[in-house]
Enquirer: 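Once you've had a glance at the structure underneath, I'll fire off some questions.
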Amino acid sequence: MMNNIKYYIGLVLAVAVLFTSCQEDDTSIGDIVTPTNVTISAEIVGVDADNPYGDGSGVVNFTSTADNEITYQFNFGDGKTDVAPSGEIEHRFTTTGINTYTVVVNAVGTGGVKSSTAMEVEVYSSFSDVEAEDFLSGELVGDSKTWYWAADIPLHVGLGPIEDDYGNGEFAYEAWWGSILAWDEEKYCMYSDEFVFTRTEEGLTFEQTAGLAFIPGAYGDEIGVTGDTCYDETVATTMYGVKTVSFLPSTSKAALEGSYNDEAYRGTAFEISDGGFMGWYVGASSYDIISVTENTLRVRIIQPGFGAWYQVFTSSKPVEGEVDFESEFNDLVWSDEFDTDGAPDATNWTYDTGAGGWGNQELQTYTDDASNVIVEDGVLKITAIKDGDTYTSTRLKSQGLQSFKYGRVEAYAKLPASQGTWPAIWMLGSNFDTVGWPSCGEIDIMEQTGADKETSLGTFHWLDASSSTNASYGETLAVSDMTSEFHLYTLEWSEEHLIILVDNVEVVTLTNSDDLPFYDKNFFYDTKRSHGW
């Protein structure tokens with residue numbers, strides 16, 4: 001309805017102008033006056049006796065004046081243009097070194113007539129991020145690299161506030177919208193996008209060579225089209241063509257003050273010229289690089305007046321139905337294949353027994369009884385049993401028998417469908433008995449809640465030293481058949497990071513550090529099937 005109203009208003013205005021023109025019998029638009037006395041001046045930021053070309057920021061403040069002008073159009077000589085009705089504008093030149101640019105200003109008068117003048121500026125920019133450039137395009141002139149949406153992982157697009165903190169740094173991660181799945185049906189139309197970065201002698205270029213532009217609903221409303229779908233270049237008019245890429249220091253609050261997955265932003269931003277963008281059309285072309293590697297690019301782009309979009313791209317084209325996660329660990333250290341019927345192997349497993357809620361309001365009493373835990377036909381079976389108003393189950397652990405530091409931990413499991421059951425596969429620090437929880441650290445490889453039987457939770461817990469409270473970080477992954485089929489639940493754990501996966505699809509990643517209990521400490525394995533909400 002709002003779109004219709006917008007069109008009706010436009011129609012009424014058009015009729016009113018036509019009617020007025022006929023009334024006066026005058027089709028002129030007034031005197032056409034050409035601007036005169038056009039001037040331009042420049043102030044290079046940081047110029048002094050020791051820095052004749054500026055302080056290295058590359059920032060120059062331009063001022064233009066003219067008589068009979070309406071606005072000013074600037075061409076900065078570096079592939080960038082802008083408009084400034086006041087004649088005053090700031091511009092950052094980003095090519096590293098001392099470079100000379102010819103800056104042209106057009107003073108625009110009535111009827112679109114223009115008068116112009118030009119000047120040369122010699123300015124120094126010291127900012128560079130060669131490693132980021134190499135990751136994006138390759139190291140040598142002529143190298144190119146193609147990037148794709150990381151459609152095969154959850155949360156390859158998310159949404160958060162631009163600067164609002166709400167007390168916990170929400171301006172630096174996708175705090176508002178974090179539920180997009182791999183191969184999301186609504187976003188499917190954009191997964192054929194291909195983005196090519198190429199290194200030239202002058203720097204990097206960018207070109208979208210395939211695919212469409214996705215326009216989210218909020219921006220669709222703004223430009224008068226139906227949102228949350230894809231469009232071609234007739235709507236996203238700046239989508240195609242070779243653009244230049246400029247690199248500059250990040251200046252957003254998120255980059256300066258925030259962190260993502262407990263790691264600071266890279267501090268580098270890039271801007272695509274001529275309105276270019278990476279598949280997500282929101283009227284912006286500037287990207288904060290959150291992190292970049294040879295294969296993964298994570299960025300943040302601001303939709304003015306609305307929010308910040310978080311996006312993940314990969315240089316390995318995802319193929320639907322195929323999961324390609326390459327583990328860095330190949331040597332088997334320990335396993336239990338549950339190939340001997342009866343009680344679990346006592347050299348690998350022991351029990352927590354008894355009642356008492358276990359800190360989670362759990363209703364069951366844990367036992368080591370065969371009715372609750374048994375190995376049959378190559379499968380470990382843990383059964384929660386209701387007897388009147390009481391419940392029994394089993395909590396099995398490797399504490400004191402098997403512990404690990406770094407490696408790949410895998411468990412194939414099929415989970416209960418009964419509402420109220422709360423199975424989990426997790427690890428605790430081997431120093432649990434001496435330091436307690438959460439100081440010991442906890443890694444929840446898989447957790448299924450009592451009410452939601454189609455979602456797997458991956459979560460990390462530790463003690464926040466500054467507040468002496470439990471800190472946690474986790475994500476979820478939809479797994480529609482987790483109660484009817486076996487799935488592979490995995491922890492990939494190294495000195496650098498911890499990654500939780502389901503069927504080799506990433507659920508959550510945490511950057512490891514010596515401030516966390518997951519660094520250089522052993523953990524033991526724990527599993528349960530409990531009853532509670």
Enquirer: Do Asp352 and Gln399 have side-chain N/O donor and acceptor atoms under 3.5 Å apart?
Expert: no
Enquirer: Under 3.5 Å, is there a donor on one side chain and an acceptor on the other for Asp193 and Trp147?
Expert: no
Enquirer: Between the side chains of Tyr281 and Gln303, is a donor N or O closer than 3.5 angstrom to an acceptor N or O?
Expert: no
Enquirer: Determine whether Asn295 and Thr293 satisfy the following criterion, side chain to side chain donor-acceptor pair (under 3.5 Å), listing intermediate values before the conclusion.
Expert: CA-CA 5 Å; Asn295 189 57; Thr293 66; over 6 Å; no
Enquirer: For the CG atom on Asp387, are there more than 12 heavy atoms of other groups (residues, nucleotides or ligands in this structure) within a distance under 6.0 Å?
Expert: no
Enquirer: Do Leu457 and Val507 come close enough that some side-chain heavy atom pair is under 4.5 Å?
Expert: no
Enquirer: Is a side-chain donor-acceptor pair under 3.5 Å present for Thr421 with Lys453?
Expert: yes
Enquirer: Classify the angle between the aromatic ring planes of His91 and Phe93 as parallel (below 30°), tilted (30 to 60°) or perpendicular (above 60°).
Expert: perpendicular
Enquirer: Using only heavy-atom distances, determine whether the side chains of Thr383 and Asn372 contain a donor-acceptor pair under 3.5 Å.
Expert: no
Enquirer: Does a salt bridge link Asp228 with Lys187, judged by any charged N lying under 4.0 Å from a carboxylate O?
Expert: no
Enquirer: Under a 3.5 Å cutoff, is there a donor and acceptor pairing between the side chains of Trp426 and Glu447?
Expert: no
Enquirer: I'd like to know if Lys381 and Glu376 make a salt bridge, using a cut-off of under 4.0 Å between side-chain N and carboxylate O.
Expert: yes
Enquirer: Please check if any side-chain donor atom of Ser250 sits under 3.5 Å from a side-chain acceptor atom of Ser252, or the reverse.
Expert: no
Enquirer: Taking C-beta and beyond as the side chain, do Val282 and Phe277 meet within less than 4.5 Å on heavy atoms?
Expert: no
Enquirer: Please identify each residue that fulfils ring pair (Phe, Tyr, Trp, His ring centres under 6.0 Å) with Phe214, with sequence neighbours left out.
Expert: Trp280
Enquirer: Within a strict 4.5 Å, meaning less than it, do heavy atoms of the Val373 and Trp349 side chains meet?
Expert: no
Enquirer: Do Asn512 and Glu496 come within less than 4.5 Å of each other through their side chains, counting heavy atoms only?
Expert: no
Enquirer: State whether Glu492 and Arg408 are salt-bridged, where the test is any N-O pair (Lys NZ or Arg NE/NH1/NH2 against Asp/Glu carboxylate O) under 4.0 Å.
Expert: yes
Enquirer: Output, in order, the C-alpha distance, side-chain angles, deciding distance and verdict of ring pair (Phe, Tyr, Trp, His ring centres under 6.0 Å) for Tyr310 and Tyr173.
Expert: CA-CA 7 Å; Tyr310 295 78; Tyr173 64 92; 7.7 Å; no
Enquirer: Pairing donors with acceptors under 3.5 angstrom, does anything connect the side chains of Glu263 and Ser291?
Expert: no
Enquirer: Which pair of heavy atoms, one from Leu380 and one from Val375, lies closest together, and at what distance?
Expert: CD1-CG2, 4.1 Å
Enquirer: Just checking, is any N or O donor in the side chain of Asn261 or His497 under 3.5 Å from an acceptor N or O on the other one?
Expert: no
Enquirer: Before giving the answer on side chain to side chain contact (heavy atoms under 4.5 Å, CB included), spell out for Leu159 and Phe306 the whole-Å C-alpha distance, their side-chain angles and the decisive distance to 0.1 Å.
Expert: CA-CA 10 Å; Leu159 176 64; Phe306 180 70; 3.9 Å; yes
Enquirer: For Phe432, what residues pass the ring pair (Phe, Tyr, Trp, His ring centres under 6.0 Å) criterion, not counting sequence neighbours?
Expert: none
Enquirer: If you apply the rule salt bridge (charged side-chain N to carboxylate O under 4.0 Å, His left out), what do you find for Arg266 with Asp288, and how did you get there?
Expert: CA-CA 8 Å; Arg266 186 176 182 89; Asp288 268 329; over 6 Å; no
Enquirer: Hey, would you say the Trp177 and Trp309 ring centroids sit under 6.0 Å apart?
Expert: yes
Enquirer: Considering all heavy atoms of both residues, which atom of Leu516 and which atom of Thr511 are nearest to each other, and what is their separation?
Expert: CD1-O, 3.6 Å
Enquirer: With salt bridge (charged side-chain N to carboxylate O under 4.0 Å, His left out) as the criterion, how do Lys405 and Glu495 come out once you've worked through the C-alpha distance, each side chain's angles and the decisive distance to 0.1 Å?
Expert: CA-CA 9 Å; Lys405 181 185 74 175; Glu495 187 174 281; over 6 Å; no
Enquirer: Could you check if a side-chain atom of Ser403 sits within less than 4.5 angstrom of a side-chain atom of Tyr525, using non-hydrogen atoms only?
Expert: no
Enquirer: Is there side-chain contact between Met482 and Lys414, with at least one heavy-atom pair below 4.5 Å?
Expert: no
Enquirer: Which pair of heavy atoms, one from Tyr166 and one from Pro161, lies closest together, and at what distance?
Expert: CE1-CG, 4.2 Å
Enquirer: Using side-chain heavy atoms (C-beta onward) and a distance below 4.5 Å, is Leu415 in contact with His487?
Expert: no
Enquirer: Within the 4.5 Å heavy-atom criterion, are Leu477 and Val505 side-chain neighbours or not?
Expert: yes
Enquirer: Thinking salt bridges, do Glu271 and Lys243 make one under a 4.0 Å N-O criterion?
Expert: no
Enquirer: Could you pull out the closest heavy-atom pair between Cys440 and Pro517, with the gap in Å?
Expert: O-CB, 3.6 Å
Enquirer: As an exercise, state the distance from CD1 of Ile162 to CZ of Arg300, rounded to the nearest 0.5 Å.
Expert: 7.5 Å
Enquirer: Considering residues at least two apart in sequence or located in another chain, which fulfil the disulfide (SG to SG under 2.5 Å) criterion with Cys230?
Expert: Cys189
Enquirer: Measure the spacing between OG1 of Thr314 and CD of Glu294 and express it to the nearest 0.5 Å.
Expert: 10.5 Å
Enquirer: Nearest heavy-atom pair of Thr455 and Asp452: which atoms, and what distance?
Expert: OG1-OD2, 2.7 Å
Enquirer: Does atom CD (Glu328) have a neighbourhood of more than 12 heavy atoms from anything else shown, all under 6.0 Å?
Expert: yes
Enquirer: So is Lys145 actually on top of Phe197's ring, under 6.0 Å and inside 45° of the axis?
Expert: no
Enquirer: Taking 4.0 angstrom as the limit, do Asp526 and Lys397 come out as a salt bridge?
Expert: no
Enquirer: Could you measure the distance from the CZ atom of Phe524 to the OG atom of Ser430? Nearest 0.5 Å is fine.
Expert: 6.5 Å
Enquirer: Is it true that a side-chain atom of Thr238 and a backbone atom of Gly275 form a donor plus acceptor pair closer than 3.5 Å?
Expert: yes
Enquirer: Trp334 and Phe404: aromatic ring centres closer than 6.0 Å?
Expert: yes
Enquirer: What distance separates Asp262 CG from Ser513 OG, expressed to the nearest 0.5 Å?
Expert: 7.5 Å
Enquirer: Might you confirm whether atom CD of Glu186 has over 12 heavy atoms from other residues, nucleotides or ligands at distances under 6.0 Å?
Expert: yes
Enquirer: Between Ser467 and Asp464, is there a side-chain donor-acceptor contact under 3.5 Å, judged purely by atom types and distance?
Expert: yes
Enquirer: Please confirm whether the ring centroid of Phe518 lies under 6.0 Å from the ring centroid of His461.
Expert: no
Enquirer: Specify whether Phe247 and Phe270 have parallel, tilted or perpendicular ring planes, treating 30° as the upper limit for parallel and 60° as the lower limit for perpendicular.
Expert: tilted
Enquirer: For Phe313 and Trp149, take the angle between the two ring planes, folded into 0 to 90°, and tell me which bin it lands in: parallel under 30, tilted 30 to 60, perpendicular over 60.
Expert: tilted
Enquirer: Just by distance, no angles: are the side chains of His156 and Tyr191 close enough, under 3.5 Å, to form a donor-acceptor pair?
Expert: yes
